[in-house]
There are 2 protein chains.
Amino acid sequence: MTTAQETEGEAQSTLSNPSAVGLVAVIVAATDGEPRALTVQVGGQARGRSDGLPAGPLVPEHPTLERGLRAWVERQTHQRLGYVEQLYTFGDRDRQGDDDGGLHSLSVAYLALVRELRPAGLAEAAWRNWYHYLPWEDWRAGRPDSLGEIEAKLLAWAEGSGDPKQRRRREDRLGLTFGLCGGAWNEERVLERYELLFEAGLIPEAQGQSGEARDADLTVTGQPMALDHRRVLATAIGRLRGKIKYRPVVFELMPPTFTLFQLQRTVEALSGTNLHKQNFRRLVAQQGLVEETDGVTSGATGRPARLVRFRREVLLERPAPGFRLRPARRPT
Amino acid sequence: MTTAQETEGEAQSTLSNPSAVGLVAVIVAATDGEPRALTVQVGGQARGRSDGLPAGPLVPEHPTLERGLRAWVERQTHQRLGYVEQLYTFGDRDRQGDDDGGLHSLSVAYLALVRELRPAGLAEAAWRNWYHYLPWEDWRAGRPDSLGEIEAKLLAWAEGSGDPKQRRRREDRLGLTFGLCGGAWNEERVLERYELLFEAGLIPEAQGQSGEARDADLTVTGQPMALDHRRVLATAIGRLRGKIKYRPVVFELMPPTFTLFQLQRTVEALSGTNLHKQNFRRLVAQQGLVEETDGVTSGATGRPARLVRFRREVLLERPAPGFRLRPARRPT
DNA sequence: TCACTTATGCTCAAACTGAGCATTGTGCCG
DNA sequence: CGGCACAATGCTCAGTTTGAGCATAAGTGA
């Protein structure tokens with residue numbers, strides 16, 4: 001809130017307080033049924049280089065943040081960005097990794113979806129499977145093995161709280177986010193899970209990292225990223241997993257024509273779960289999300305599949321077209 | 001994207017490029033079945049004062065943006081903020097209202113829900129019904145009258161486009177957002193509607209405002225706000241309307257105990273639609289969102305209603321407890 | 001030609017929705 | 001005090017939507 005005096009004056013320039021503002025982008029593609037994010041190598045000599053998300057300064061030339069981001073990414077990667085969405089603005093003092101000399105430093109994070117992956121343009125850039133960084137999020141082959149160890153440590157962390165009230169609260173959170181203590185796994189709570197692991201000291205990026213995290217088995221707690229970028233990635237995944245349920249954004253990741261099964265694989269890749277095949281097709285058909293082309297697949301094993309394309313008209317018809325993911329028990 | 005050189009160096013201080021960053025808050029309450037936002041008086045002598053949202057500088061003392069906001073609001077309004085959520089970071093050069101001498105100016109907007117409305121603390125602050133600013137969003141008494149005039153003007157705007165392709169696109173957008181041309185009204189697209197009106201020149205806040213907008217009947221296009229604050233408000237309403245469907249946030253606006261009908265009124269106030277009473281209760285009951293107290297209402301006309309309270313445990317049980325609003329035809 | 005693999009069609013019971021009708025308490029008004 | 005108006009609650013019912021499978025079709029490779 002601001003007092004009347006503070007807001008006096010047309011320009012409202014009391015908003016100032018110069019800060020360092022940067023952009024971060026989670027650029028997502030899906031090929032071969034795997035979800036991928038564009039990563040770059042960052043970091044100097046001291047701690048060695050590590051993977052990070054593409055980040056850069058806010059360019060003041062553009063009228064809009066989003067347009068600035070588009071131009072910046074497209075110039076650097078020669079990628080045509082399809083869908084772009086603002087994710088979140090991160091501004092935690094103690095987690096940005098730097099303080100930039102007393103300035104508050106903010107990162108405005110964006111999510112972008114691209115259709116195909118080009119050679120990534122930059123030498124230092126690479127497309128990486130995002131579960132490489134968050135392995136516990138991939139349930140497509142059943143419950144990830146790494147979860148056993150993670151749960152044990154999380155439970156120990158909850159137990160370790162002296163205050164029984166706090167311990168209760170921690171257990172509740174475990175139930176909510178990781179489905180422990182009788183809770184169910186909710187694939188959208190990616191960020192909450194990451195934050196919980198962070199708090200529990202299982203994430204090496206944490207500054208006051210315990211020896212625990214530093215020695216962590218990376219196949220269990222995943223590949224670290226520079227600064228707070230894994231948090232940004234987790235935010236992106238969570239958002240995307242939520243969005244595909246009520247907006248046809250997956251098609252931004254698909255080639256012009258594709259089979260229903262390829263579509264399913266992509267949705268599964270994003271959501272990290274398996275879907276019931278027949279019901280998936282029924283859903284897609286009912287919603288009118290695609291229309292048939294006269295092409296069929298060839299070459300691959302099994303019966304050839306009809307190629308379909310996205311029906312842009314649904315955007316005008318349906319209020320909220322998307323996939324309300326219903327996981328299959330076990331067989332796809 | 002950033003070249004390898006640009007990300008060189010531990011501190012990643014190339015993110016810099018100092019900018020002016022401010023906070024804006026949409027503080028929401030619901031009383032007497034009306035949705036309200038806390039507004040303040042802003043602006044100098046030149047254009048006269050006008051309503052605005054509470055806004056202030058980013059305070060660098062706090063470790064987290066959100067905590068900074070909480071402290072700031074609670075200190076100024078003596079309001080205890082229940083739920084707080086980051087909304088969006090606005091950074092359009094041409095719409096911030098000021099350029100602050102070449103700095104890019106950003107506003108990080110937050111949504112906060114409060115349970116009761118205190119006298120608002122500040123002399124200049126007031127709780128206003130949010131439909132005062134966006135009258136076309138309130139469908140509780142049926143289709144708003146003002147929509148007739150709005151539609152006429154929007155259609156004229158679409159027609160007015162020389163390029164038939166652009167005109168087609170404009171018509172599609174009208175259908176999507178305002179439900180014209182055979183589309184359906186989707187109560188979540190608050191921001192899209194506002195932006196469309198803005199583009200169509202019906203919003204006086206637009207800088208290159210036509211005489212049209214300036215002379216607009218405020219009962220039709222709503223009360224203007226300072227700077228871009230109506231856009232922020234529209235963002236908040238849209239977000240909240242979406243959120244109540246899958247997260248029990250409405251309870252942040254309710255007193256400790258309440259009747260099911262009061263709850264329904266609140267949900268209706270937020271969503272701007274009417275709901276089928278019996279089905280609404282069934283939904284609430286099925287989801288286990290509330291538990292009965294042994295109190296009942298008294299005094300009012302009609303049969304006394306049981307008082308209930310929010311069942312916190314649902315947060316631990318249900319994956320996504322909320323109201324999937326199903327509007328009633330006409331009778332409540 | 002057989003074995004295998006994936007694509008597609010179709011069925012069925014259970015759960016969920018959208019709309020109403022019917023009944024039950026209360027305060028108020030002659 | 002009986003009748004009314006007005007909410008609160010209970011309950012029904014048909015039409016959909018879901019979750020799970022069974023069955024068949026149509027290629028590939030041995």
Side-chain angles (χ1 to χ4, degrees), chain A residues 32-33 140 184 245-246 257-268 271 273-308 318-332, chain B residues 32-33 184 187 245-246 257-268 271 273-308 318-332:
Chain A
D32 310 318
R140 287 174 298 171
K245 291 178 190 164
Y246 61 94
T257 72
F258 47 88
T259 70
L260 288 178
F261 197 51
Q262 282 164 3
L263 181 64
Q264 182 180 347
R265 283 284 180 240
T266 304
V267 173
E268 290 174 335
S271 72
T273 59
N274 286 317
L275 305 176
H276 179 113
K277 188 156 159 176
Q278 294 94 321
N279 290 347
F280 179 82
R281 335 179 104 241
R282 176 173 63 185
L283 184 68
V284 175
Q286 274 179 354
Q287 304 240 64
L289 288 167
V290 302
E291 60 195 0
E292 299 196 344
T293 69
D294 34 47
V296 288
T297 54
S298 64
T301 170
R303 171 176 170 178
R306 173 118 271 137
L307 288 169
V308 298
R318 293 237 149 208
F323 309 90
R324 343 209 200 0
L325 323 175
R326 28 200 121 282
R329 286 288 168 107
R330 186 95 318 276
T332 69
Chain B
D32 309 320
E187 81 280 348
K245 290 179 190 164
Y246 61 94
T257 72
F258 47 87
T259 70
L260 289 178
F261 195 52
Q262 281 164 5
L263 181 64
Q264 182 180 345
R265 283 283 181 241
T266 305
V267 173
E268 290 174 336
S271 71
T273 59
N274 286 316
L275 305 176
H276 180 117
K277 189 156 159 177
Q278 294 95 321
N279 292 346
F280 178 82
R281 333 179 106 242
R282 178 174 63 186
L283 184 69
V284 175
Q286 274 180 354
Q287 304 240 64
L289 287 168
V290 302
E291 61 195 359
E292 299 196 343
T293 70
D294 33 48
V296 287
T297 53
S298 63
T301 171
R303 174 175 169 179
R306 173 119 269 139
L307 288 169
V308 298
R318 295 237 149 208
F323 311 91
R324 346 213 198 356
L325 324 174
R326 29 199 120 282
R329 286 289 167 105
R330 186 94 317 277
T332 67

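Residue numbering restarts at 1 for every chain, and letters A, B, ... go by the order of the sequence lines.
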Over how many whole Å does the gap from [X] atom [atom1] to [N] atom [atom2] extend?
X: A/H276; N: C/dT8; atom1: NE2; atom2: C1'; answer: 12 Å
X: B/Q286; N: C/dC16; atom1: CD; atom2: C1'; answer: 7 Å
X: A/N274; N: D/dG21; atom1: CG; atom2: P; answer: 14 Å
X: B/R265; N: D/dC6; atom1: CZ; atom2: P; answer: 14 Å
X: B/N279; N: D/dT12; atom1: CG; atom2: C1'; answer: 12 Å
X: B/L283; N: D/dT9; atom1: CG; atom2: P; answer: 16 Å
X: A/L260; N: C/dT6; atom1: CG; atom2: C1'; answer: 12 Å
X: A/L307; N: C/dA7; atom1: CG; atom2: C1'; answer: 12 Å

- How is B/R306 classified with respect to the nucleic acid when contacts are heavy atoms under 4.0 Å: base, sugar-phosphate, or nothing? sugar-phosphate
Consider the side chain of [X], meaning its heavy atoms from C-beta on, and name the nucleotide among [options] that approaches it most closely.
X: B/Q278; options: C/dC21, C/dT8, C/dA19; value: C/dC21
X: A/T301; options: C/dT5, D/dG21, C/dA19; value: C/dT5
X: A/R303; options: D/dC22, D/dA7, D/dA26; value: D/dA26
X: A/R282; options: C/dG18, D/dG21, D/dG19; value: D/dG19

- Task: Without swapping roles, check the side chain of B/T297 against the backbone of B/A305 for a donor-acceptor pair under 3.5 Å.
- Result: yes
- Side chain proximity check, A/F258 to A/T266, heavy atoms < 4.5 angstrom: no
- Task: Determine whether B/V308 and B/T293 make a side-chain contact, defined as any pair of heavy atoms from C-beta on separated by less than 4.5 Å.
- Result: no
- Salt-bridge present (A/E291, A/R306; N to O < 4.0 Å): no
- Would you kindly compare A/P304 and B/G302 by the position of their nearest DNA chain C nucleotide and give the one closer to the 5′ end? A/P304
- A/E292 vs B/S298, nearer the 5' end of DNA chain C by closest nucleotide: A/E292
- Note on the structure: Rounding to 0.5 Å, atoms NE2 (A/H276) and CZ (A/R281) come to a distance of 11.0 Å
- Task: Would you indicate, yes or no, if C/dA7 has its OP1 or OP2 atom less than 4.0 angstrom from a side-chain nitrogen or oxygen of A/K277?
- Result: yes
- Distance-only donor-acceptor test, B/R281 side-chain atoms vs D/dG10 base atoms, 3.5 Å: no
